[in-house]
Amino acid sequence: MSQELAPRLDPRAIEPPRYRAWQEGGYFHVSADAVLEEGREPYVIVIPPPNVTAVLHMGHGLNNTVQDVLIRWRRMQGRAAVWVPGTDHAGIATQNVVERQLAAEGKHRDDLGREKFVERVWDFVNETGPVILDQLKAIGASCDWERTRFTLDPELSHAVREVFVHLYEKGLIYRGEYIINWCPRCLTALSNEEAEGEETAGSLWHFRYPLAEEAYGAAETAYEAALARRAEEAEGEEAETPAPIGIGRFDDGRWYVTVSTTRPETMLGDTGVAVHPDDERHQALVGADIELPLTGRRIPIVADDYVDPTFGSGMVKVTPAHDVNDFEIAGRTGLDVLDVMNPDATLNDEVPAAFRGVDRFEARKAVLAALEKEGLVAGREDHTHSVPHCYRCGTVVEPRLSDQWFVKMKPLAEPALEAARDGSISFTPPHWKRVYEHWMENIRDWCISRQLWWGHRIPVWYCTCGETIVAREDPDVCPKCGGAELEQDPDVLDTWFSSQLWPFSVFGWPEQTDDLKAFYPGHAMVTAPEILFFWVARMVMMGYEFHGEAPFSQIYLHGTVRDAQGRKMSKSLGNGIDPLEVVERFGADAMRYTIVSQCAVGTDISLDHEDVEAAFANGRNFANKIWNAGRFALLSLGEAPVRPLSEIEGDLELEDRWILTRTTEAGRAATSALERFRLHDAAEGLYHFFWGEICDWYLELVKGRLGPDADPASREAARTTLVTVLDRAFRLLHPVVPFVTAELWSRLPWPAGESRPDDLIVATWPDGADGFVDAEAEGSMAEVQSLVGEVRRLRKEYGIPEGERITVHVTSARAALMDALAAQAIALERMARVGSVEASAGTGVGAHAVLESGAELFIPLEGVIDIEREAGRLRDEMDRVEGQLKGTRARLANEKFTQNAPADVVQKERDKAAQLEEQGGKLREKLASLEGG
RNA sequence: GGUCGCUUAGCUCAGCUGGUAGAGCGCUACGUUCACAUCGUAGAUGUCGCAGGUUCGAGUCCUGCAGCGACCACCA
């Protein structure tokens, strides 16, 4: 078997068959019985369901690699580890994709009608839905595929219906008017995410609104108050620009107030003007009326906290039907709500005849002209602000008043907030806890209705008799009048309404299934911080509302994948990396290691899309290194079984005892890191253990003992040690690089008489708790390593030819070290070309060094190198350094230079002098040791 | 504007509870003695953003400043 191993790892040859074998072996699936009958402790992660239309990108690569590392690790720990996969129906995104398809055929969804359109989306979803899940298999995701779910599955829809009705009956779902984002071109509502803000240079206009005559008295009072306020401020030291008064008189003596807007056309829908309740300048005016220009309407002045008294005049025109904040002010103050626009954003019949039917931007000009004519425009200034645009067509989004369904969030948020405070849920990195709490404390009601066709239809029916029916089962007749003419609410629910139930809906809730009993609540939630509020927080709320506890206990928020310039990878920027291409070229192991090694808590991951090979070189090289070390070991070990560790313990040599100790420590460190979600620490620690300790030292030290000429007892001790160490190392590395480790592990010889797990994927995790430990061996090895390092360094420094075998003298070393060195003679020869080590000071011409332990090392150079030539080389070097130093010192002694040259140039010169001095010192020492002996 | 975070080697970043500055990539030199050139050995490079403070001791804690970024609200 071993002979078949190629000198280079070919991931394409080993990964797909290995994955198939795992799947066919049923290793990813755990039944409820494992928990309920066998009493195994569960470990559950539910996948953040990707959009059903999505194509795998690096963000998924990161998210799912992290989850798979955790699941594989816990599975090896013996937990009943279940990772539930699935997809999200993603209402708007999916509907858009299909609508684009239709548009390409020259059709609109209205041409098909609701039923046919939804059928068409289903066809599309059935066809493309599983793609992204299949793609996850390529990166090694060990999901329990038998549990694959879709948010629109009948069972999950059943859960949605139950939750909606439950919340409605509890009074937590209500219907109300609200301002939504509306695209006047697409004639559809948009979610906040779909209304993309764009910095736009615009104008801020200031208008004068005449006061009603009976308010003149109040105006005068307010005017005096404002003047007094200004005088007061003028006395203060920091009054740079006096606060505007906001109240004034026209030439003919009429009073007016000043308001500002970026959208003049909306003034036709104004129903009031608001001031801050504590604003001394304007208090007297509260309750007074304004004669709204152009309309002939009278509107009141009201007081509301929303108004910022320091902005503009401190007075705000209120247009409730066309601005979210204004709408909320109206709700609090009782102002009328006047909708002045048609769905296509032309003005409707509520406005004066001259403006009816006019487009909003034309109306803007017309309103400005009309106000200008009446002398009511007080000024204009440039104003840059963010204007929301439709992400599909780029049209400026219009806030529009409409009837929507809402969830009252405050009562739901309370236990979810408490969960964070009392530690029932933990956050990694921890600072997200405060962000979460802040959001929960200031939570606002959630608008859950969407004017779409694709999604969970709102389970509400309206009867001609006026009755509203909210029901778990579709009603046939009106329970009140018995009529059968019921009409279901046309809207569907926000996608997040169903995803928030994911942690328990995937297990069959509201039915009390065995799965639910066995696997709920889950454990870790691994996701990106962007959806902490959309999704994570809501899942916690639902967990408490329906189960009285959190749906998971640990929230791990990983970073974002960025390109070399630090930009987020995205389709539109074209800076993405296709994970499948990476898997194809370098293997899933390479991709996984590269990702995990960069996955430090709280940091983003950067990968250069322009040099994919360099970006994943680290992971590819490591996977290949594992492969080659394994290949070498397998070839050297042969296929014969090894002896159990207990039988050969007496024959263990220093390097065996050392590497076994290091293996124990590696297990401890990796376990501790994983427990704290420090995946990067775990990966890098294991990388160093495998490459820096097993490969660089142990394999080199043990080579001689594995050959046919070696002493049989020593050879068996080495074989057992090597098998033991590789077995543990492959186990520890398996969660991060599952394929290459499993492939090699399956070929490892095994201790005679010991039972062998069926597959590495279910081998017990070696946490190091009861591993082999020999502290003294560690100390001795450290000294051997230190000696080899110094010898290698000195060899290079003095130009000792690579092939030249040397004698090394060591003084003041511990006896144990000398023993160790004697035992390592073959290895020392191999690793540093040390022919012999002698416990003496050594004499004559040579190279000196001091080991970390304090022992002194001496290498005679007589007859080894051409002393005269080396000394001559050093003298030449010396001359050069001293020459440069002389010049530098002369420059520094020259006052003209030090005083006139730029400071940094002088400093550089000083640094150079210091550097040269140090260099000269070293050369002198070296020269002395060569000449003096 | 609110909240939070970041600033350490040429690049990307580690450095968890304060105790002699690290990794990967890149760079330089040498090396194919048969696991691996996707390799080995050795080497160079850091006033740890700036200014103060606490401490025996600060990259690490505190304060201020500067620059960058994220999220939320987008301010009439």
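A note on names: the letters A, B, ... follow the listed sequences, proteins ahead of strands, and every chain is numbered from 1. Scope of the values below: all heavy atoms of this structure, side chains included, with no hydrogens, waters or symmetry mates.
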Problem - Residues that A/R676 engages under side-chain hydrogen bond (donor to acceptor under 3.5 Å, both in side chains), provided they are two or more places apart - result: A/S672

Exercise for the section: Please identify each residue that fulfils side-chain hydrogen bond (donor to acceptor under 3.5 Å, both in side chains) with A/T266, with sequence neighbours left out. Expected result: A/K317

Practice task
Please answer whether the main-chain N or O of A/M831 pairs with a side-chain N or O of A/E700 as donor and acceptor at a distance below 3.5 Å.
Solution key: no

Problem - Test item: A/H282 side-chain N/O and A/I247 main-chain N/O as donor-acceptor pair under 3.5 Å - result: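 Checking the backbone N and O of A/I247 against the side chain of A/H282, no donor-acceptor pair under 3.5 Å is found.
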
Problem - Gap between atoms CG and C1', on A/N618 and B/rC13 respectively (whole Å) - result: 12 Å

Practice task
Can you tell me the distance, in whole Å, between the CG atom of A/L679 and the P atom of B/rC13?
Solution key: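 Checked: the CG to P distance equals 18 Å.
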
Check this for me, if you would: do [X] and [Y] make a salt bridge, where the nitrogen-to-carboxylate-oxygen distance has to be below 4.0 angstrom?
X	Y	answer
A/E613	A/R620	yes
A/R360	A/E398	yes
A/K796	A/E802	yes

Under 3.5 Å, N/O pairs linking protein and nucleotides 16-19 of chain B:
{"unit_1": "B/rC16", "atom_1": "O2", "unit_2": "A/R676", "atom_2": "NH1", "d": "2.6"}

Give me the distance, rounded to whole Å, that separates [N] from [M] when you measure between the [atom1] atoms they each carry.
N	M	atom1	result
B/rG5	B/rA9	P	22 Å
B/rG24	B/rA44	P	15 Å
B/rC61	B/rG15	P	12 Å
B/rC25	B/rU41	P	13 Å
B/rA76	B/rU3	C1'	23 Å
B/rG52	B/rC16	C1'	27 Å
B/rC74	B/rA58	P	47 Å
B/rU38	B/rU45	P	28 Å

Taking any heavy-atom pair under 4.0 Å as a contact, classify [X]: base, sugar-phosphate, or nothing.
X	answer
A/H431	sugar-phosphate
A/N325	sugar-phosphate
A/T262	sugar-phosphate

So, [X] versus [Y]: side-chain donor-acceptor pair below 3.5 Å or not?
X	Y	answer
A/D270	A/T319	yes
A/S606	A/R562	no
A/T258	A/H206	no

Fill in the blank from the handout: Letter by letter from the 5' end, nucleotides 33-43 of chain B scores (B base, S sugar-phosphate only, - none; protein heavy atoms under 4.0 Å) --BB-BSSBSS

Problem - A/Y798: partners by ring-ring contact (aromatic ring centres under 6.0 Å, His included), with sequence neighbours left out - result: none

Exercise for the section: Could you summarise the pairing of RNA chain B as dot-bracket text, marking Watson-Crick and G-U pairs under 3.5 Å with ( ) or [ ] inside the strand and | across strands? Expected result: (((((((..((((.....[..)))).(((((.......))))).....(((((..]....))))))))))))....

Exercise for the section: On RNA chain B, check which nucleotide each of A/R434 and A/H680 is closest to and give me the residue with the more 5' one. Expected result: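 Result of the comparison: A/R434.
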
Exercise for the section: Measure from NZ or CZ of A/R538 to the centre of the six-membered ring of A/W446 and say whether it is under 6.0 Å with the direction within 45° of the ring axis. Expected result: yes

